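The structure under discussion appears below in the form of structure tokens.
Any value given below was found using the heavy atoms of this structure, including those in side chains, with hydrogens, waters and symmetry copies removed. These numbers come from a predicted model, not from an experiment.
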Amino acid sequence: LNHYDVQMGSAWIQSEDAVASFDGCFAGHSGGAVYSSAKMSLLGKMTFHNSSSDRKGGALRAMRGLTATSLSFSQCHSGQPGAAFAAGGDVEVQEASFEGCNSEMLWVIMYVEGNLTAGRLNITGGASDRASQHVAVGGGALVGSLTCAHVSSCDISAVQGDPKVQELLCPPGHGLQRASKTLGCEPCEAETMSLFQTLNAKCQPCPDAAELCLPKVLKMPPGMTIDPGNFSLALHCPNPIACRGGKLAQEGAGLGGREPLNTSDSGEVAMAVAGAMCSDGYAETACWKCASGYGMTDANPLLCVRCSPSALAVSRSLSFYLAKDAWPFFVAVGSALTARGKQKQSPILLNQLMAFGVIAQHIVNILTQTQSFKHLHSDTRTLLGKLGNIFSFAQGEGDAGSGEESFGFSRECLLRTFGLPSSLGSIHVLATFPPICFMALVAVKHPSLSLTVGANVFLPAFAGAFGKYLIGFSLQSKERTNQMAFTTLSRPFWPDNFLLGALIYLSLPICFLGTCLWWSEAIRAKHQTEGPQSPEIFYLTRAYKAEWRLWEIERFLRKMSLSLVATSMSVTYWDSVHLFLLFGILLSSLLLIAACRPYKLHRWNVTEAFLLTTALVTISLVTMLQGNEAHWATDLEAGKVLASAIILLLVVICGNMMLLVMVTLYQEWKAGRQQRPSQDAEVDEDDEDD
């Protein structure tokens with residue numbers, strides 16, 4: 001029926017049921033499209049569009065009540081309450097939707113003089129969301145679900161008691177409000193917000209740390225996010241790089257804009273929050289976990305790099321891992337086997353290089369968390385990142401983990417590429433596999449030497465990897481929780497299995513104390529017996545004076561401590577504690593070197609002291625850089641120059657030492673070849689004399 005103009009209903013219906021569609025109807029009295037003097041029963045879907053009346057019931061007027069299956073009203077208007085319909089008795093309806101309807105009196109779109117029983121009511125505003133939409137009931141109201149969208153306010157009022165609504169879905173910027181005999185959605189007040197269209201949502205107070213907070217907009221500063229279960233709770237991200245200072249907004253939700261997120265699923269809300277607050281590659285609450293397509297860096301599981309499934313990237317990673325594990329191990333084994341009681345410089349230089357590589361890696365990882373480094377040009381960061389990989393290669397036991405893709409490799413990415421489990425335990429096993437293979441090759445002929453050199457080269461990284469399980473962080477300040485920070489630590493990597501947790505705690509003292517006792521007893525036992533030294537004992541004692549023959553244990557404990565501090569005290573969260581412990585360990589080593597002078601040759605003592613002093617100076621410079629950034633008058637340009645200079649200094653020292661090791665190895669190999677002919681000639685002369 002279209003475009004009827006009568007006084008009381010374009011269609012006068014007295015039958016018990018009807019199924020129809022009405023468009024452009026008008027009545028000068030009541031019921032712009034349908035007027036019924038009897039109780040109506042409408043089965044099926046009834047649609048009313050652009051209908052109006054001067055009095056009650058812009059589209060439908062039922063004088064004796066109404067029973068309906070599905071009613072749909074759009075662009076309806078009335079001069080008195082009931083822009084969509086008005087009923088004189090009780091109303092029972094399974095589903096009714098209202099869109100863009102308005103009444104000149106009290107903005108009542110649905111007027112029921114009796115009781116209202118409804119399954120679902122969907123109310124949508126018009127082109128402007130400033131309109132109010134009300135349902136007025138003279139008796140009691142029982143509604144299964146009420147959904148409001150694009151409205152200024154939306155409620156149900158009942159004369160006989162409070163209306164009962166099981167599920168209320170309010171638009172963004174609105175929250176559930178209860179008043180005397182009224183229930184509905186009202187705009188959030190100042191300093192409160194409602195960002196998602198969720199069931200029975202209330203306006204929440206804005207978090208204290210918010211940069212911007214409006215009823216439909218929330219913006220957090222970099223390094224912070226919110227709790228998906230409580231938007232009023234601000235969280236500190238354990239890795240500030242992972243939280244970009246995101247913005248949750250429903251400003252575009254409306255006609256012609258994107259639809260607001262309509263969900264009561266906590267998982268979907270958490271994903272939406274992470275998508276808005278987390279940087280690319282990060283996910284979960286507080287953005288601590290790597291997103292799909294990204295993997296944890298080997299040095300820090302809180303930092304993520306993009307995984308590349310290309311054959312070139314996979315082969316490059318495999319080559320890097322194999323080379324960095326192989327070269328220090330086989331060089332050390334070769335030097336111990338070919339020394340033949342003679343003093344060689346290459347093993348000592350290699351040992352010092354590996355120790356300094358560990359220290360340099362820690363310093364650079366902390367440095368890359370500063371604002372000065374982050375504000376460098378991307379090409380500069382990439383170049384410094386590629387140069388920084390020299391530290392990983394030099395130390396032969398760990399990988400970079402600065403958060404820049406060029407600074408880190410990821411074994412997790414390798415495992416995913418081959419379809420293998422990528423848990424932290426699987427990564428630990430993968431990191432241990434190449435060293436075990438290399439040690440097995442040497443152990444065929446020299447088992448004791450293989451174990452000794454393998455422990456010195458590989459054990460610090462193996463034991464340090466257990467520190468990743470100990471990583472803990474607090475997401476809230478002490479003032480918010482009223483508890484000490486360490487009592488609220490989250491440990492996402494700690495295994496749920498009790499036996500695995502106990503194994504982690506037992507493995508650390510076994511690695512530390514077991515190796516020290518093994519070496520000390522082996523050296524003491526050999527010292528008390530006569531005869532030539534075995535290769536493994538010569539490897540441990542060759543560089544030191546007789547009274548300091550156990551000094552290799554000090555170097556081993558230093559590397560173990562540095563490795564454990566690096567993994568358990570993440571530089572993204574514990575950077576100050578990390579620097580303090582690093583400085584304390586190195587200062588203790590420097591004082592011991594200065595007091596004991598354990599090396600046989602003076603230049604080795606000087607070299608060791610120089611490297612430790614350089615490391616302490618660079619740590620002091622990093623601390624100064626952090627202090628400069630914390631001051632209100634920070635000089636960012638000077639900080640960028642200082643950050644670049646520190647990395648370049650460490651790269652130059654490591655590069656020169658690696659070159660020196662290679663040159664020394666070549667000279668020793670050349671000298672060995674020249675000695676063999678003379679030794680063979682001496683043997684021939686002895687045979688002729690006989």
* Asked: So, S132 versus S153: side-chain donor-acceptor pair below 3.5 Å or not?
  -> yes
* Checking S103 side chain against Q80 main chain: does a donor-acceptor pair fall under 3.5 Å? -> yes
* Find the distance between CG (L121) and CG (L169) and round it off to the nearest 0.5 Å. => 12.5 Å
* Those residues that, when tested against P81, pass side-chain contact (heavy atoms from CB on, under 4.5 Å) (two or more places apart) -> M105, V108, Y111
* Partners meeting disulfide (SG to SG under 2.5 Å) with C76 (sequence neighbours left out) -> none
* Asked: Between the main-chain N or O of P205 and the side-chain N or O of S232, is there a donor-acceptor pair closer than 3.5 Å?
  -> yes
* Structure fact -> In short, I427 meets R411 closest at the heavy-atom pair CG2-CB, 3.9 Å
* Look only at the side chain of S410 and the backbone of M296, and say whether a donor-acceptor pair between them is shorter than 3.5 Å. => yes
* Just jot down the side-chain contact (heavy atoms from CB on, under 4.5 Å) partners of P163, sequence neighbours excluded, or say none. => A141, I156, A158, L183
* Asked: Looking only at heavy atoms, what is the nearest atom pair of Y35 and S30, with distance?
  -> CD1-O, 3.9 Å
* Structure fact -> Those residues at least two apart in sequence (or on a different chain) that pass ring-ring contact (aromatic ring centres under 6.0 Å, His included) with F98 are F73
* For T225 and C237, which heavy atoms make the closest approach, and how far apart are they? -> CG2-SG, 3.7 Å
* Can I123 and V135 be said to form a side chain to side chain contact (heavy atoms under 4.5 Å, CB included), step by step? -> CA-CA 10 Å; I123 301 176; V135 176; 4.0 Å; yes
* Could you tell me the separation between the CG atom of L212 and the CE atom of M220, rounded to the nearest 0.5 Å? => 11.5 Å
* Which residue pairs pass the ring-ring contact (aromatic ring centres under 6.0 Å, His included) test when at least one of the two sits in residues 49-68, sequence neighbours left out? -> none
* Note, L303 side chain near Y282 side chain (heavy atom, < 4.5 Å) -> yes
* To do: With the side chain counted from C-beta on, respond yes when L42 and T69 share a heavy-atom pair under 4.5 Å apart, and no when they do not.
  => no
* Does M193 reach the side chain of L248, with side-chain heavy atoms less than 4.5 Å apart? -> no
Please tabulate, for the side chains in residues 82-95, all donor-acceptor contacts under 3.5 angstrom to protein atoms that are two or more places apart in sequence or on a different chain.
unit_1	atom_1	unit_2	atom_2	d
D90	OD1	N115	N	2.7
E95	OE1	R120	NH2	3.0

* For K45 and S21, indicate whether the former's side chain and the latter's backbone hold a donor-acceptor pair under 3.5 Å. => no
* For S308, enumerate each residue passing the side chain to side chain donor-acceptor pair (under 3.5 Å) test, keeping only those at least two apart in sequence or located in another chain. => S310
* Can you tell if the side chain of I366 reaches within under 4.5 Å of the side chain of Q626, non-hydrogen atoms only? -> yes
* Any sub-3.5 Å donor-acceptor pair from Q133's side-chain atoms to C101's backbone N or O? -> yes
* Asked: Are any non-hydrogen side-chain atoms of C213 and L218 less than 4.5 angstrom apart?
  -> yes
* Asked: Say you draw a straight line from NE2 of H134 to CE of M110; how long is it, rounded to the nearest 0.5 Å?
  -> 15.0 Å
* **Rounded distance (nearest 0.5 Å) linking atom OG1 of T285 with atom CG of L235** => 7.5 Å
* Structure fact -> All heavy atoms of P171 vs all of S194, minimum pair found to be O-OG, 4.5 Å
* Using a 4.5 Å cut-off on heavy atoms from C-beta on, say whether the side chain of S51 contacts that of V34. => no
* To do: Could you tell me which residues satisfy side-chain contact (heavy atoms from CB on, under 4.5 Å) with E167, sequence neighbours excluded, listed by chain and number?
  => S145, L199
Taking only distance into account, with no hydrogens and no angle test, what donor-acceptor pairs under 3.5 Å do side-chain atoms of residues 493-505 form with protein atoms, sequence neighbours excluded?
unit_1	atom_1	unit_2	atom_2	d
N497	OD1	L499	N	2.8
N497	OD1	L500	N	3.3

* How far apart are the closest heavy atoms of D162 and T182, and which atoms are they? -> OD1-N, 4.5 Å
* Inter-residue atom distance F26.CZ - D54.CG, 0.5 Å rounding -> 4.0 Å
* Asked: Checking S568 side chain against L470 main chain: does a donor-acceptor pair fall under 3.5 Å?
  -> no
* Indicate yes or no: at least one non-hydrogen side-chain atom of F22 is less than 4.5 angstrom from one of M46. => yes
* Pair listing, salt bridge (Lys or Arg N to Asp or Glu O under 4.0 Å) test, anchored in residues 217-227, at least two apart -> E211-K219
* Do the side-chain sulfurs (SG) of C203 and C188 come closer than 2.5 Å? -> yes
* Roughly how far apart are K202 NZ and N200 CG, rounded to 0.5 Å? -> 9.0 Å
* **For R244, all residues meeting side chain to side chain donor-acceptor pair (under 3.5 Å), sequence neighbours excluded** => none
* **G31 to A27 - nearest heavy-atom pair and separation** => O-CB, 3.4 Å
* **Residues which pass side-chain contact (heavy atoms from CB on, under 4.5 Å) with C170, listed by chain and number, not counting sequence neighbours** => L168, H174, C185
* Check against disulfide bond (SG atoms under 2.5 Å apart), C243 and C278 -> CA-CA 5 Å; C243 295; C278 297; 5.4 Å; no
* Side-chain touch N239/W288, heavy atoms, less than 4.5 angstrom -> no
